Amino acid sequence: MKDAIQKEISDLTRRITAAEKAYYREARPIISDTEFDRLFDRLKKLEEENPELRNVNSPTMRAGSDLVSDFPEKPHSLPVLSLDKCYNSDELTEWIKKLEEKNHGLEFTMEPKIDGAGIVLYYDNGSLQYALTRGSGYTGNDVTDNIRTIKSIPLQIGYKKKIAVRGEIFIKTEAFSNFNKKFDGAWANPRNLAAGALRRQKSTETAGYPLECLVYEGFTQDTPETHTEIIKLLYDEGFPVNSHFVLFSDNMKTPLPVPSARLLKFSEIKNSLEMFRAIRGKLPYEIDGLVIKLNNIAEREKLGYTQHHPRWAIAYKFESPLAETQLRAIEIQIGRGGRITPVAVLDPVKLSGSVISRATLHNQDYIDSLEVNTGDRVSLSKRGDVIPAVEEVTEKGSNSGAYQLPETCPACHSILIKDGAHLFCPSDKCSARELAALKYFVAKDQMNIDTLGGKTVEYLYQKGFIKNPADIYYFNYRQLENHEGFGEKKIENIIKAVEESKKRPFTQVLASLGIKDIGHKAEQLLAEKFTSIDEIISLAEQKKMEILTDIDGIGETIADSVIKFFSDPAALELIGRLKNAGLIFISGTRKQEGKFKGTTWVITGTFEKFRPRDLAAELIRSLGGEITSSVSSRTSYLLCGKDPGSKLKKAETLKVKIINEADFIRLTTQSRKNQDSGSNDS
Ligand code: IVH
């Protein structure tokens with residue numbers, strides 16, 4: 001009985017594997033989706049009923065599991081070296097000439113150099129044993145469960161001996177931009193996203209990313225004669241192999257590894273560089289260069305290896321790195337909300353005109369995705385010419401693996417807590433957080449007290465003179481007369497600037513409070529909607545979320561944050577003291593006059609003249625009207641454009657007055673004319 005079930009499981013596995021190979025590797029389905037689902041469901045059922053017969057590499061395991069992995073380190077069976085580089089055809093010709101001097105008639109191969117995350121897949125007895133990241137080159141992190149979720153990677157193969165397969169995990173350009181759009185452009189490039197996805201702690205999460213794989217090296221005990229043969233073996237075993245494979249040989253009989261591969265004369269290497277440059281932009285994935293390899297394995301072994309790379313291969317990179325430097329240390333920054341940000345301290349290096357000595361490393365995921373540690377050599381980029389970023393590790397230093405963020409806060413030693421991708425110090429008594437809150441309060445975008453620079457604030461905090469923002473308004477700065485670096489003039493300037501800051505408008509004061517998740521747009525909206533801070537406080541007291549979420553542009557996260565902040569006794573005490581010090585907590589920006597005074601508007605659909613729709617909202621506000629996001633009995637008008645949403649139905653049901661674009665234009669031009677001539681009541 002069990003034997004029969006075992007046989008059925010094996011048969012199903014073989015058929016599903018063949019279907020996956022045809023579909024994912026060759027984009028050539030051999031069975032229908034329904035048939036595939038039927039086989040898959042049957043296999044799943046049999047495995048559920050007979051868990052002892054389930055293979056870890058069953059196709060059903062591709063969905064991943066919810067178990068948390070900490071990616072144990074494992075040794076590589078062979079050192080995972082990187083490639084020597086060249087940046088133009090002369091350098092490449094020079095490299096080839098050097099190899100040719102020793103031996104004539106060599107064959108070379110050329111492959112695209114995929115810009116992804118390196119991986120080594122270890123198979124034995126026809127089954128994927130484990131998959132390791134490149135790591136230090138000698139050990140890597142075990143990411144097998146995550147790798148299983150990538151459908152183009154075969155879990156079971158026909159080749160029964162040991163084989164280690166090197167490849168690249170990547171995300172196609174289009175899939176990257178779609179994915180990134182959903183996450184507000186959080187990822188700098190497809191490589192970072194792919195590397196990050198590969199290191200999700202739960203493989204069910206990795207399964208949600210559009211990861212792909214292409215393999216380019218295989219290491220076996222029965223060494224084939226040529227690289228071309230290795231690629232052929234990989235292709236025949238069902239591995240995804242790059243279709244753009246070129247062999248340069250003057251022996252026109254040399255067999256090719258994949259159907260789409262090309263055989264070119266040795267003299268065409270230089271032309272081929274240009275050919276690849278030309279198709280680069282048309283490829284569905286990002287490549288950062290080409291890899292040129294010696295084809296003959298015995299010749300390869302004769303040439304051997306340096307400590308960092310093989311002498312038989314070279315990367316021809318399309319662009320030279322903007323800058324390369326040494327990563328000296330990683331500093332931990334603690335934000336006012338407790339967020340921990342690792343910052344790379346670099347040997348100063350020039351990067352498009354400015355000298356860079358620091359760059360953010362964002363969080364542990366980002367560090368892991370680069371596998372970066374102190375002492376590594378790194379390349380830098382400056383995307384969009386703004387923020388310098390660590391692109392990749394170009395040479396590993398002596399610290400293996402990725403740098404690990406501390407488990408406790410370096411300032412107050414509280415145990416750090418993970419929230420999303422970031423770690424946080426949970427203690428609001430943390431000195432680093434208090435100091436960050438003070439620096440934030442006086443900074444340009446908030447209270448803009450320019451004479452209280454970072455160093456001065458730090459000094460005053462360390463001396464215990466000011467602990468929280470309100471103290472800035474109560475401290476007697478004359479006490480500093482005998483302190484080094486505080487002359488009469490400096491003290492006068494501080495007092496003047498602090499006094500001056502009391503005139504900042506309500507929006508700026510709101511901003512300086514540093515409410516979590518709130519940006520300048522939300523501050524503006526709050527200051528427009530409410531006439532005073534007391535209104536917001538009483539709303540928080542009564543937990544009236546909906547009044548906040550009704551404001552167009554304020555969602556639940558912000559509303560929740562506002563309610564939390566204004567219900568916190570410490571925040572209320574701070575506000576009380578700031579109020580007593582004379583700061584402005586009354587709105588001056590709310591437009592109360594105008595034709596639409598006292599009316600509440602909802603906008604739906606698209607408009608011809610008002611593109612984006614915010615233009616219509618702005619006009620309504622400028623005429624004293626209020627904008628809310630959903631229709632209710634309190635709504636006065638629904639401004640309705642083309643293709644309206646469900647709001648129109650709701651407005652009709654509630655008998656709210658509906659105004660189209662033409663009527664709206666008529667109404668507003670009329671009222672503007674009246675307003676300009678001083679009348680308000682047309
Ligand atoms: S061959 C000893 N071939 O580029 C074999 N590498 O710095 C060396 N890469 O770490 C690798 N496409 O992650 C090779 N067709 C290709 C490649 C490739 C991308 C990556 C790989 C390697 C890095 C070189």
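Bear in mind that the values here come from a model prediction, so they are computed numbers and not experimental data. Just follow the structure's listing: the first ligand is 1, and inside any ligand the first atom is 1.
- In summary, of the residues considered (T139, N141, T133), a side chain to side chain donor-acceptor pair (under 3.5 Å) with E73 occurs for T139 alone.
- Around atom 23 (C) of ligand 1, the closest heavy atom drawn from K317, K113, R300 belongs to K113.
- Contact annotation: the side chain of I169 approaches that of I153 to within less than 4.5 Å [non-hydrogen atoms, C-beta and beyond].
- By the 30° and 60° cut-offs, the orientation of the rings of F266 relative to F108 is tilted.
- Taking each of R134, H244, K293, H227 in turn, the one with a heavy atom nearest to atom 1 (S) of ligand 1 proves to be K293.
- Residue R166 places a heavy atom under 4.0 Å from ligand 1.
- Residues D115 and R191 are paired through a salt bridge, judged by an N-O separation under 4.0 Å between the basic side chain and the carboxylate.
- If you number the atoms of ligand 1 from 1 as listed, the ones under 4.0 Å from a heavy atom of W312 come out as 2 (C).
- Numbered from 1 in the order shown, with element, the atoms of ligand 1 that lie under 4.0 Å from a heavy atom of P112 read 12 (N), 15 (N).
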Exercise for review: Would you sort out whether S249 and E107 count as a side chain to side chain donor-acceptor pair (under 3.5 Å), showing the intermediate values?
Suggested key: CA-CA 5 Å; S249 170; E107 290 178 340; 2.7 Å; yes

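- Distances from ligand 1 to the non-hydrogen atoms of Y305 include no value under 4.0 Å.
- Closest heavy-atom approach to atom 16 (C) of ligand 1 within the set F245, F170, Y216: this belongs to Y216.
- Within the listing of ligand 1, atoms 3 (N), 15 (N), 16 (C) sit less than 4.0 angstrom from a heavy atom of E111.
- The ring of Y209 has its center closer than 6.0 angstrom to the ring center of F179.
- Proximity to I114 (heavy-atom distance under 4.0 Å) selects the following atoms of ligand 1: 12 (N), 19 (C).
- Below 4.0 Å from some heavy atom of P310 lie the following atoms of ligand 1, by number and element: 2 (C).
- Among all non-hydrogen protein atoms, the one lying nearest atom 7 (O) of ligand 1 is L83 N, 3.4 Å.
- Scanning the protein heavy atoms around atom 13 (O) of ligand 1, the nearest turns out to be E168 OE1, 2.7 Å.
- Under the 30°/60° scheme for interplanar angles, the aromatic rings of F40 and F36 are found to lie parallel.
- Taking the six-membered ring for Trp and the full ring otherwise, the centers of F245 and Y235 sit at least 6.0 Å from each other.
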